[in-house]
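Accompanying notes for the structure given below.
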Amino acid sequence: MLHHISFGVADIEKAAAFYDAAFAPLGYVRVWEDLNPGNPDQAIGYGPAGGGDKFAIKLRGKDARAPGSGFHLAFAAPGREAISSFYEAALAHGGVDNGAPGLRPHYGPNYFAAFVIDPDGHRIEVVTKAAE
């Protein structure tokens, strides 16, 4: 259903450092970037290596706002180890814990996920249903 989604961020360099590190264990990389210091429309697109963007961050400076507490975005992970690595990298790069890696049996018998809040306040989930 969705083609792609983007988040507005206050500081493109800080957000890029967070997403570069956090996405690496998931196999997501920068697939394009439009970085020009001083330009208010800087952006970076992320997705699977060799593919198009599915997620982008866009510089919005002081106007950046995360959606309210009812919103979160879930990214697919290749397995549980990748989720744990994502979680550690996210926390090491300015993310805030919102649910450590683990099984969530109330969502399904193999539902394994972690939850973080990025440096701009966006709520992120990373999930797999693989029975590792």
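At least one donor-acceptor pair closer than 3.5 Å links the side chain of R104 to the backbone N or O of A113. A donor-acceptor pair under 3.5 Å is absent between the side-chain atoms of D97 and the main chain of L91, judged by distance alone.
With rounding to the nearest 0.5 Å, the separation of CG in D53 from OH in Y28 is 13.0 Å.
Partners of R30 under the side-chain hydrogen bond (donor to acceptor under 3.5 Å, both in side chains) rule, at least two apart in sequence or in another chain, are D20, E33. Not counting sequence neighbours, the partners of V29 by the side-chain contact (heavy atoms from CB on, under 4.5 Å) test are V31, A49. Every residue meeting the side-chain contact (heavy atoms from CB on, under 4.5 Å) condition with I12, not counting sequence neighbours, appears here in chain and number order: V9, L35, Q42, I44, I57, L59. Judged as a side-chain contact (heavy atoms from CB on, under 4.5 Å), and not counting sequence neighbours, the contacts of A82 are L26, P78.
When all heavy atoms are compared, the tightest approach of G99 to Y87 is O-CE1, 3.9 Å. Between G94 and P119, the closest heavy-atom pair is O-CG, 3.8 Å. Scanning both residues, W32 and A56, for their nearest heavy atoms gives CZ2-CB, 4.2 Å. The heavy-atom pair separating A89 from A21 by the smallest distance is CB-O, 3.5 Å. Residue A17 comes nearest to H93 through the heavy atom pair O-CD2, 3.9 Å, listed as atom of the first residue, atom of the second, then distance. Of all heavy-atom pairs spanning A131 and R80, the tightest one is CA-NH2, 4.3 Å.
Every pair passing ring-ring contact (aromatic ring centres under 6.0 Å, His included) that includes a residue from residues 44-65 is listed here, sequence neighbours excluded: F7-F55, Y19-F55, F23-Y46, F23-F55, F55-F75.
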If you look only at distance, which donor and acceptor atoms sit under 3.5 Å apart when one is on a side chain in residues 121-129 and the other is two or more places apart or in another chain?
unit_1: H122; atom_1: ND1; unit_2: D118; atom_2: OD1; d: 3.3
unit_1: H122; atom_1: ND1; unit_2: D118; atom_2: OD2; d: 3.1
unit_1: E125; atom_1: OE1; unit_2: H72; atom_2: NE2; d: 2.7
unit_1: E125; atom_1: OE2; unit_2: Y111; atom_2: OH; d: 2.7
unit_1: T128; atom_1: OG1; unit_2: A130; atom_2: N; d: 3.1

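With salt bridges taken as basic N to acidic carboxylate O contacts below 4.0 Å, none links R60 and D11.
L103 and F86 fall within the same hydrophobic cluster, defined by Ile, Leu, Val, Met, Phe, Trp and Tyr side-chain heavy atoms under 4.5 Å apart, directly or through other members.
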